[in-house]
Amino acid sequence: MLPADWYTRYVPESYASDLQVGFSREFCAGLARKGLLVPHWPREFGGQEGDDWEHFILGEEMKAAGEPRGPQYMNINWIGPALMRYGSNAQRALHLPAIAAGETIWCQGFSEPSAGTDLASLRTKAVRAGDHYILNGSKIWTSYARTADWCFLLARTGARRKDISVLLVPMDSPGIEVKSFPGLVKDGHLNEVFFTDVKVPVENRLGDEDAGWEVITYALSFERVGVPRYHAGRKALDLAVDQLKAEGRFADPIVRARAGQIAAKFEAARMLTYLVVDQRVKRQPATADGNVSRVAALEAVVEMMDFLAEYVPDCLAGGSPLLEDYYRINTPAGVVAGTYELQLDLIAQRGLGLPRS
Amino acid sequence: MDFDFDNDQQALVDAVYRILDRHREIPQTARLRFHHHDAELQQLLRSGGFLDAGRQIDALAGALVAYEVAKAVPVVEAAVSNLVIPHLFPDEMIEAPVALIWGGREKPYRNLPFCRTALVDLGADAGLLALDGAIAEVDTIYGYPFGCVADPAYWKSMRVLPGKGPLLRHWGRTSLAIEWAGAARAAVDFIIEYVKQREIFGRPEGTFQAVQHRLAQCHQIAEGARWLAFRAAWSGSEEDADLAACYAQQQTSRVMFDLHQFNGAMGVTTENSLHFWTYRLRALQSELGGSTSAALALCDRYWGAAPSSKPESEALPLPAQAGA
């Protein structure tokens, strides 16, 4: 299903590039036709009642192949499940079939210039005006915003700190402007989205008004173990070793030992993620184990990036577009979907029962 | 992959726990030392069949027993008996407890002073040594008793097991990874409770984010080590054994440093319990060549042997022939 020049033309552009996002519409539709896009979803929403293991195995292979699903991995990982749990019948009917068919692109409107890790301090405001909200504010770091059909957006709807609601906003609504800017992570990820008097129908609110925090907590519990970084990292390690061998530089026992130690760290992250998958399959409530798995993956990723910088430094200077893509896509790995430090907070307080300061 | 215990596994763990719970306390005099072998507990586990669960049930059952035992303050041997012996001697009962000898013959090894048998890594081959005296105990701050085979003539009685060296290292790495994971879990749990109680600057130490974050990292490491070690026992794969040992052994310094930091000066006294676990981690750090050796084995497996490197068996400093 992948084009012949997938690894030479598409992957180096990154999965957030317009090129790959465009391809994802074709690729995901094909996956859907083969029953491989949402096999773990209930049949009523377009799935096949499979379990989360199938979803994770597919996710591992997709990530290792450069994520040809593009942004649609988000649809499958957490936007869909949030819609299933909190969506109205009309919202489910509108969005879930489109997601299950691989036809729609979403972006995530969470972070703002002054609200990232402390998400509850966000300022984008939605004011009720009859049967719709008037939305004003801005979002930042909004991957895929240029190409998205919909935005899964958090907006302040009340006076209290956590009076936040989730709005499902069509990205072609009048009053939305997207500006892109360059950065360490490749193009397509770094966008700022401005909302000026955007009218959003009340029926586009997901869940109750001011109850968005619950929705987002639920959704992020999926997102934290949604990206199999351990698997992609292990593939990148293979790629780096291939290059070192080709250059006759993989006989050094120090380099070899380091590669083996990093492989072990990725495997630890894999096991900790599989623990969470097992809990999900058994429909057990989310615990701090999800945070633990994310921390483990991040620690391995950081070591892998270090390995590249020390032993395959030319990968960031034109020597290996695929390793450059791996490195650059992981530059914000400790920041996205809740920072590394936030994960540690959650492990300490929820997992270990340590008191808050 | 099912991470929950089934009923039989839970019953086994509960039974071990009940025995260990009755031996939680160690004599006050033992608090003045760096380790304490509980001979009565060792005998109880032996007579109860808990050192043979790896043979009677399966390797994972043996690992569950060894993991629980590794969390106890007193030292008892349950890992080599449960995880290595059944694979080297599937049809033969070997006198437990069992120690591992994996480097030079004159070196001290853990648990030798109280073990009845030692398995010897000879490179390509393995050796079996009955221990009936002649062990010279050495002073050590490690959390296990250490001793040397004092009489060189002893080696002449060693039974050589041709071609069994790789199998010994495979299950030896599984067993040490299990022990590492159990000791790490106990040490982390001990410090979690400590920082909840200990007050500094007018509030519990565990409220400080600098402490919380590093303790959360230690918890992650202990859990990663646990699941990799259990996977190695469950799968019986040599690769998984190398992964488990490699991961655990490389994390030793980090866990030890942070846990001792949070325990403060109390952690360097023998009266305090922390060292009983952390200095077991230190002892296990180097076993069977340590993380580097396991990593090189992984490297050979994943990416092929280095052109100039010798096979792992040849790199070991032991002579290949018994009595040589």
Side-chain angles (χ1 to χ4, degrees), chain A residues 53 234 237-238 241-242 244-245 248 250-279 281-282 284 288-289 291-300 340-341 343-349 351-357, chain B residues 1-4 188-189 192-193 195-196 203-209 211-221 223-231 239-240 242-251 290-309 315:
Chain A
W53 288 112
R234 185 61 181 72
L237 187 56
D238 285 343
V241 168
D242 284 348
L244 287 166
K245 284 167 85 172
F250 198 57
D252 183 341
I254 294 172
V255 183
R256 294 175 67 82
R258 188 128 173 240
Q261 288 174 330
I262 293 170
K265 286 198 167 182
F266 278 126
E267 281 308 304
R270 182 191 303 275
M271 286 305 288
L272 291 167
T273 303
Y274 286 0
L275 169 67
V276 179
V277 177
D278 183 49
Q279 292 168 352
V281 168
K282 294 169 180 163
Q284 294 170 356
D289 290 337
N291 310 101
V292 171
S293 76
R294 195 157 132 71
V295 164
L298 284 170
E299 299 236 340
Y340 174 74
E341 289 71 21
Q343 309 306 317
L344 295 174
D345 278 346
L346 294 170
I347 295 167
Q349 288 155 24
L352 309 184
L354 296 179
R356 292 181 74 114
S357 57
Chain B
M1 198 174 275
D2 187 346
F3 286 74
D4 289 330
V188 171
D189 287 345
I192 289 170
E193 290 312 306
V195 300
K196 285 178 184 172
R203 57 188 171 111
E205 183 185 343
T207 59
F208 289 89
Q209 201 175 42
V211 174
Q212 291 193 352
H213 281 189
R214 282 157 58 189
L215 205 42
Q217 289 165 333
C218 290
H219 168 73
Q220 175 262 304
I221 290 167
E223 288 303 281
R226 175 160 75 117
W227 290 114
L228 278 181
F230 282 167
R231 183 173 81 174
E239 174 188 344
D240 285 346
D242 291 341
L243 284 166
C246 179
Y247 180 77
Q249 290 174 308
Q250 72 176 293
Q251 304 279 13
S291 174
T292 304
S293 183
L296 290 173
L298 287 169
C299 201
D300 289 353
R301 179 173 291 107
Y302 293 145
W303 302 296
S308 58
S309 73

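Residue numbers begin at 1 in each chain, while the letters A, B, ... track the order of the sequences. These numbers come from a predicted model, not from an experiment.
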Can you see which heavy atom on B:Ala306 is nearest to which on A:Phe250, and at what distance?
CB-O, 4.4 Å
When rounded to the nearest 0.5 angstrom, what is the spacing between CZ in A:Arg258 and OG in B:Ser291?
12.0 Å
Identify the two heavy atoms, one from A:Gly260 and one from B:Leu298, that lie closest to each other, and give their separation to 0.1 Å.
O-CD1, 3.7 Å
Which residue out of B:Gln217, B:Gln209, B:Arg226, B:Arg214 racks up the most heavy-atom pairs below 4.5 Å with chain A?
B:Gln217
Do the side chains of A:Leu344 and B:Gln212 get nearer than 4.5 Å, heavy atoms only?
no
With a 4.5 angstrom heavy-atom cut-off, which part of B:Val188 approaches chain A: side chain, backbone, both or neither?
neither
Which atom pair, heavy atoms only, marks the closest approach of B:Leu296 to A:Ala257?
CD2-N, 3.7 Å
If I compare all heavy atoms of B:Gln250 with all of A:Ala264, which pair ends up nearest, and what's the gap?
NE2-CB, 4.0 Å
Closest heavy-atom pair and its distance - B:Ala216, A:Ala348
CB-N, 4.3 Å
For chain B, the option from A:Ile262, A:Val292, A:Val241 that forms the most heavy-atom pairs under 4.5 Å:
A:Val241
Residue among B:Cys299, B:Ala245, B:Ala248, B:Gly304 with most heavy-atom pairs under 4.5 Å to chain A:
B:Cys299
What's the verdict on side chain to side chain contact (heavy atoms under 4.5 Å, CB included) for B:Gln251 and A:Gln261, showing C-alpha distance, side-chain angles and the deciding distance?
CA-CA 10 Å; B:Gln251 304 279 13; A:Gln261 288 174 330; over 6 Å; no
From CG (B:Leu228) to CG (A:Leu272), nearest 0.5 Å
7.5 Å
side-chain hydrogen bond (donor to acceptor under 3.5 Å, both in side chains) assessment of A:Asp238 paired with B:Trp303
CA-CA 8 Å; A:Asp238 285 343; B:Trp303 302 296; 2.8 Å; yes
Indicate yes or no: at least one non-hydrogen side-chain atom of A:Trp53 is less than 4.5 angstrom from one of B:Met1.
yes
Say you draw a straight line from OG1 of B:Thr292 to CZ of A:Arg256; how long is it, rounded to the nearest 0.5 Å?
13.0 Å
Is there a side-chain contact between A:Gln279 and B:Phe3 in this structure, where contact means two heavy atoms from C-beta onward sitting under 4.5 Å apart?
no
Looking at chain B, which one of A:Ala269, A:Gly353, A:Gly351 has the largest number of heavy-atom pairs inside 4.5 Å, strictly under?
A:Gly353
Look at B:Arg301, B:Arg231, B:His219 and state which one has the largest set of heavy-atom pairs under 4.5 Å with chain A.
B:Arg231
How about A:Gln343 and B:Gln220: do any of their side-chain heavy atoms sit closer than 4.5 Å?
no
Any B:Tyr247 side-chain heavy atom under 4.5 Å of A:Glu267 side chain
no
Engaged part of B:Asp4 at the chain A interface, taking heavy atoms whose separation is under 4.5 Å
both
